[in-house]
Amino acid sequence: MKIVLLGGSGYVGKGIIQELSSYDDMELVSMSRHGGTEEDKKRWPKVSWKSVDLGRPETWQEEVADADWVVDLIGVLFAKNYNEYYKKTVEPVMSVIKFVEEKVKDTKFLFVSANYAPLGMGAYMKAKLVLEDELKKRLGTRAVFVYPGLIYHKERPFVYVVAIALNNLTKIKPLTRLVERLRPIARARFAVEIRNILLNNNSYLMHRTKR
């Protein structure tokens with residue numbers, strides 16, 4: 001199985017690579033602007049680390065053409081406005097989606113969407129939903145969506161502390177529903193859920209919680 005990770009050298013991507021790299025029957029290709037650090041390449045030598053510009057098809061089309069899965073991990077948590085979110089997270093990926101739609105008929109596309117956006121992050125959620133709509137329209141059942149909340153790991157201390165605090169709030173009944181919507185998930189657990197989906201198993205992350 002060949003899996004192309006868009007944004008694979010990022011915080012979330014490295015967690016998925018850590019989980020999948022132990023499978024000898026999985027070929028992993030990480031695509032990002034810088035391609036991956038020397039430390040990344042030494043830690044996961046079986047991964048193909050590609051420096052690509054999604055605006056230049058010649059840098060990525062060959063790898064995507066025979067992929068079983070494309071996993072979109074490109075994400076910007078904070079941006080000035082919707083236009084910036086669109087430019088950084090929607091526009092680059094659209095070229096890949098159109099290529100998969102028109103040129104490859106078996107490749108599946110896994111999109112990391114969002115379960116919920118707190119007040120003030122409406123533009124972030126709007127960008128996610130725009131890509132969801134495009135994927136549904138263009139790829140139909142070949143598009144798969146996951147809806148995590150805050151993905152945390154000790155590598156990012158602030159996010160980790162916030163997530164642990166939110167998880168502790170589940171013990172307070174009036175706040176349980178709010179925390180469920182925010183849906184904190186450890187990076188390692190998220191990677192396991194992604195693995196399950198790639199192996200054609202179900203995952204609770206494929207379902208949004210009720211608003």
Side-chain angles (χ1 to χ4, degrees), residues 3-23 26 28-51 69-79 85 88-89 92-93 110-118 120-121 124-125 127-128 131 144-172 175-176 178-199 201-209:
I3 302 161
V4 172
L5 303 168
L6 304 180
S9 62
Y11 165 75
V12 176
K14 289 179 183 178
I16 294 174
I17 287 172
Q18 176 66 31
E19 173 65 30
L20 301 183
S21 60
S22 61
Y23 289 81
M26 288 188 178
L28 303 179
V29 180
S30 171
M31 293 185 176
S32 61
R33 283 193 173 275
H34 66 75
T37 65
E38 290 303 315
E39 182 181 347
D40 294 336
K41 295 171 184 177
K42 289 178 182 178
R43 187 175 181 184
W44 297 292
K46 293 193 298 181
V47 176
S48 295
W49 300 92
K50 303 291 184 179
S51 175
W69 282 93
V70 174
V71 182
D72 178 17
L73 303 169
I74 297 173
V76 176
L77 191 56
F78 300 109
Y85 278 117
K88 291 183 176 180
T89 64
V93 179
L110 193 155
F111 177 54
V112 180
S113 190
N115 182 63
Y116 170 76
M121 294 191 66
Y124 167 83
M125 196 68 187
K128 290 289 189 182
L131 264 179
V144 176
F145 307 96
V146 291
Y147 304 97
L150 191 64
I151 301 173
Y152 64 92
H153 186 270
K154 288 182 178 179
E155 184 180 313
R156 291 189 174 177
F158 176 75
V159 174
Y160 180 80
V161 169
V162 170
I164 296 302
L166 287 171
N167 284 333
N168 287 333
L169 289 176
T170 59
K171 300 170 185 176
I172 305 173
L175 299 177
T176 299
L178 172 63
V179 177
E180 286 177 347
R181 291 165 76 188
L182 293 170
R183 213 175 196 169
I185 181 171
R187 186 174 71 174
R189 172 67 188 279
F190 178 73
V192 169
E193 296 298 323
I194 296 300
R195 179 205 66 193
N196 290 341
I197 294 169
L198 297 177
L199 295 176
N201 296 314
N202 201 358
S203 167
Y204 79 97
L205 290 181
M206 295 170 70
H207 309 282
R208 276 196 179 98
T209 60

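The chain is numbered in sequence order, starting from 1. Quantities reported herein were computed from a predicted structural model and do not represent experimental measurements.
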With side chains defined as the heavy atoms from C-beta onward, is the minimum distance between [X] and [Y] less than 4.5 Å?
{"X": "M206", "Y": "N196", "result": "no"}
{"X": "E39", "Y": "K42", "result": "no"}
{"X": "L205", "Y": "R183", "result": "yes"}
{"X": "T89", "Y": "V93", "result": "no"}
{"X": "I185", "Y": "Y204", "result": "yes"}
{"X": "E19", "Y": "I16", "result": "no"}
{"X": "V162", "Y": "Y152", "result": "no"}

Mark yes or no for whether S30, through its side chain, and S9, through its backbone, hold a donor-acceptor pair below 3.5 Å. yes
Without swapping roles, check the side chain of R187 against the backbone of K14 for a donor-acceptor pair under 3.5 Å.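 Side chain of R187 to backbone of K14, a donor-acceptor pair under 3.5 Å: no, none is there.
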First locate atom [atom1] of [X], then atom [atom2] of [Y], and finally report the distance between them rounded to the nearest 0.5 Å.
{"X": "K46", "Y": "I17", "atom1": "NZ", "atom2": "CD1", "result": "12.0 Å"}
{"X": "I194", "Y": "I3", "atom1": "CD1", "atom2": "CD1", "result": "10.5 Å"}
{"X": "L198", "Y": "Y23", "atom1": "CG", "atom2": "OH", "result": "10.0 Å"}

My understanding is that only residues two or more places apart in sequence, or in another chain, count here; which of them pass ring-ring contact (aromatic ring centres under 6.0 Å, His included) with F190? none
Among all residues two or more places apart in sequence or in another chain, which pass the salt bridge (Lys or Arg N to Asp or Glu O under 4.0 Å) test with D72? none
In I74, V70, L73, the residue satisfying side-chain contact (heavy atoms from CB on, under 4.5 Å) with L5 is L73
Closest approach of [X] to [Y] (non-hydrogen atoms, all atoms of both residues):
{"X": "A127", "Y": "Y85", "value": "CB-CB, 3.9 Å"}
{"X": "G36", "Y": "H34", "value": "N-ND1, 2.9 Å"}
{"X": "P148", "Y": "V112", "value": "CG-CG1, 3.8 Å"}

For S113, which residues count as a side-chain contact (heavy atoms from CB on, under 4.5 Å) partner, sequence neighbours excluded?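 S113 satisfies side-chain contact (heavy atoms from CB on, under 4.5 Å) with F111, K128, E132, Y147, R208 only.
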